Amino acid sequence: MATSLRSLCVSIALLALALAAQSKKNEDLITSLGSITRRHMDASSGFSSTQEYLQSVASARRPLVVTGYDVDLSKWDLDALAKKGGGGVILDNVRRNRGSKSVFAIMTPEDQDSEGFVLRKNTTLGGLETSDTVSVITPNAENLLFNVDFNDFYAIESGPDGSMEKLYWTGDLRGVAGDSLGDGKGDLWWRDFQVWDDLQVEGEVGEEVFVPMLWMSHPGVTAQTHYDKSHNWFLQLFGTKKIRLFPPSYGRYMYSYPSVHAGRKMSQIPFLDSWGGDDPTKGTIFPNATSLKSYDMLLKPGEILYIPPYWWHSISTTDESAALSLSVVSPSWEEALVSRAVNSPLPLRPFESKVEKRVAAQVIITHVVSRMEKMGSPEIFSAFLFNDRWANLYPSLGGRRGECYGWSDGEEEEVEEVMGRLQEDEELQGDIVAAAEAVAGLLNDELLSQGVRMVALGDWIEKVAVWAVAERQGEGEPVAKFLLDCLGVDNLEITEQYDGKPLVEDGDGRLNLKDDEL
């Protein structure tokens, strides 16, 4: 194993040189993919309802701007809202930036997922650490305001110390508006924007899965580039928004935070920093970002934008005025499929020691990646995953592969013992294969685009790696080291079917657990 890992170090070094060669200063801004199609509501004449028409738009999974929706904008004007009784609405958890920074990067830590895996939401920031324009917002009193009167939100221009403030707030329309805000169409008018996907879940899907969110922002405020897993119909009510959209296929150039980081689903690139307008490269930190291409547009009052699942986007309030928007999100079948894959049961209970967990994680990840379509080998995909999500957070690792075992005394001997037990336990081997088939089968579903598959596979690998090597809250470096040191292997050769389960050929139909395949 040592020899093969040393050879991989050479491969990684060559990869680093190749990346450096393409990391020259990008003199052009992000390339435009063109304009987003616009359609007037007249196009809905062949449908029984507005909701049915918007449902058909969402089924195409392409961004679209819809104009002519029946909304009385005069009743959403800020002055009109104030006169109607907006002063009776109290806002909590108002995010604020002080000084000149206008981009909000929202960090949202959590302790564990639904299956009990503890997620280490480390707070290493990488490229956003020294950004000129991005302010990282965490759930603490310094970044939040409470008991803010609706009418005072847009009037607040400076903090107690006299520093300029930019405010940004979002909340459930049903929880803050009631009869105080809106155009008198009733509390349920936002249901026009619900998207009903077949989520393949037991029982009926209830209204609670659809969320209408109000968004309020000061002039110049930008939400850091991110993606959402849900459908998003975005209705502009007051002010103008500048929106940039990237298809899921461009996610491989986006340098997203790891799925086990507080900034998950968000790009590490400070797009608006001062080193060249929208030029996302600063030296060689984000070399692949020069390949990004986007759709750019202005969304005006009364216009509605459909943002499909997993499309990257940033949304900015123009400098001319404050803004008020409504976003209605609905769960997608992409989200449901990925959730089923990421939370699919794994045969991990027999593994308890540090070495046992590392061996088990190597085996199950190798089996899943070997069954994935167009993802390369564990060596290739783990190199991509590290460079995309982890390299800028832990630059001291240098992208160099090391030894997976020998992190402490006696590990190599224990590895031999664990591997021997695995080779003798045919039932456990069958469980591993069945689990790998289940995960890969879900992620290979033809409903998922390749861009979504790459995100989902990376999320699943990180979850298994956290189980294997992370020990303390906020501890991310062991996960990064695991990607480098333990996944530099080729695909397993899936050659035959045995009792309905694909197995790896080694002469007698059992799993091959040789060193060079772990």
Side-chain angles (χ1 to χ4, degrees), residues 1-8 115-118 120 260 344-372 377-383 385-386 401-440 457-458 460-471 475 477-494 501-506 510-518:
M1 181 180 292
T3 301
S4 62
L5 287 174
R6 279 194 293 271
S7 66
L8 289 175
E115 298 298 315
F117 281 80
V118 176
R120 275 70 181 180
V260 292
S344 183
L346 301 176
L348 300 177
R349 292 189 182 277
F351 305 96
E352 297 180 354
S353 74
K354 294 179 181 180
V355 169
E356 286 177 333
K357 288 184 174 182
R358 222 174 304 157
V359 170
Q362 278 186 307
V363 171
I364 192 70
I365 290 173
T366 300
H367 272 275
V368 169
V369 177
S370 297
R371 290 166 169 79
M372 291 298 299
S377 64
E379 176 186 358
I380 292 172
F381 192 81
S382 63
L385 189 61
F386 176 83
R401 292 199 190 271
E403 299 287 355
C404 183
Y405 301 104
W407 291 6
S408 61
D409 293 339
E411 281 197 347
E412 292 184 354
E413 291 78 7
E414 188 177 353
V415 170
E416 295 295 331
E417 188 271 330
V418 175
M419 289 171 55
R421 281 194 284 124
L422 275 173
Q423 288 177 321
E424 295 172 1
D425 192 334
E426 294 187 23
E427 182 178 355
L428 181 56
Q429 292 176 30
D431 291 342
I432 290 173
V433 171
E437 279 290 297
V439 173
L457 180 60
W460 179 83
I461 289 175
E462 288 172 341
K463 178 175 181 176
V464 175
V466 164
W467 168 81
V469 300
E471 299 176 1
E475 191 172 55
E477 186 169 344
V479 178
K481 280 179 59 63
F482 177 86
L483 297 177
L484 282 176
D485 298 348
C486 300
L487 298 182
V489 297
D490 292 330
N491 276 331
L492 300 174
E493 185 179 355
I494 311 300
K501 300 175 183 178
L503 296 177
V504 179
E505 183 179 29
D506 69 351
R510 294 172 62 190
L511 296 183
N512 188 331
L513 295 174
K514 295 180 181 178
D515 284 7
D516 59 354
E517 291 183 338
L518 281 176

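Computed from a prediction, not measured in an experiment: that's the story for all the values here.
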Taking the side chain as every heavy atom from C-beta outward, state whether [X] and [Y] have any atom pair closer than 4.5 Å.
X      : Y      : result
Arg371 : Glu437 : yes
His367 : Ile432 : yes
Val489 : Glu379 : no
Leu457 : Met372 : yes
Ile461 : Val369 : yes

Please name all residues satisfying side chain to side chain contact (heavy atoms under 4.5 Å, CB included) with Glu427, sequence neighbours left out, ordered by chain then number.
->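 Glu427 satisfies side chain to side chain contact (heavy atoms under 4.5 Å, CB included) with Asp425, Asp431 only.
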Could you list the residues that satisfy side chain to side chain contact (heavy atoms under 4.5 Å, CB included) with Ala465, not counting sequence neighbours?
->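 Here the qualifying residues are Val479, Phe482.
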Residue pair Arg401, Ser382: steps toward the side chain to side chain donor-acceptor pair (under 3.5 Å) verdict = CA-CA 11 Å; Arg401 292 199 190 271; Ser382 63; 3.0 Å; yes
Exercise: identify the closest heavy-atom pair between [X] and [Y]:
X      : Y      : answer
Ala435 : Pro345 : CB-O, 4.0 Å
Glu356 : Glu352 : OE1-N, 2.8 Å
Trp467 : Ala361 : CZ3-N, 4.3 Å

Find the distance between [atom1] ([X]) and [atom2] ([Y]) and round it off to the nearest 0.5 Å.
X      : Y      : atom1 : atom2 : value
Ile365 : Trp460 : CD1   : CH2   : 5.5 Å
Phe381 : Leu487 : CZ    : CG    : 10.5 Å
Met419 : Glu424 : CE    : CD    : 12.0 Å
Leu483 : Phe386 : CG    : CZ    : 8.0 Å
Glu462 : Leu385 : CD    : CG    : 5.0 Å

Hey, mind stepping through Asn491 and Thr366 against side-chain contact (heavy atoms from CB on, under 4.5 Å) and telling me if it holds?
-> CA-CA 7 Å; Asn491 276 331; Thr366 300; 5.9 Å; no
Residue of the set Val439, Ile364, Val368 for which side chain to side chain contact (heavy atoms under 4.5 Å, CB included) holds with Val464 |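 Single pass found, and it is Ile364.
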Tyr405 and Glu413: side-chain donor and acceptor closer than 3.5 Å?
->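 No, no side-chain donor-acceptor contact under 3.5 Å.
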Leu428 vs Phe351, side-chain contact (heavy atoms from CB on, under 4.5 Å): CA-CA, chis, key distance, verdict | CA-CA 11 Å; Leu428 181 56; Phe351 305 96; 3.7 Å; yes
Counting N and O atoms only, with roles assigned by atom type, does the side chain of Arg358 sit under 3.5 Å from a partner on the main chain of Ala468, one being a donor and the other an acceptor?
->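 Side chain of Arg358 to backbone of Ala468, a donor-acceptor pair under 3.5 Å: no, none is there.
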Test item: Gln362 side-chain N/O and Cys486 main-chain N/O as donor-acceptor pair under 3.5 Å =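 At least one qualifying donor-acceptor pair exists.
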With sequence neighbours left out, write down each residue that passes side chain to side chain donor-acceptor pair (under 3.5 Å) with Glu417, or none if nothing qualifies.
->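 Checked Glu417 against side chain to side chain donor-acceptor pair (under 3.5 Å); matches are Arg421.
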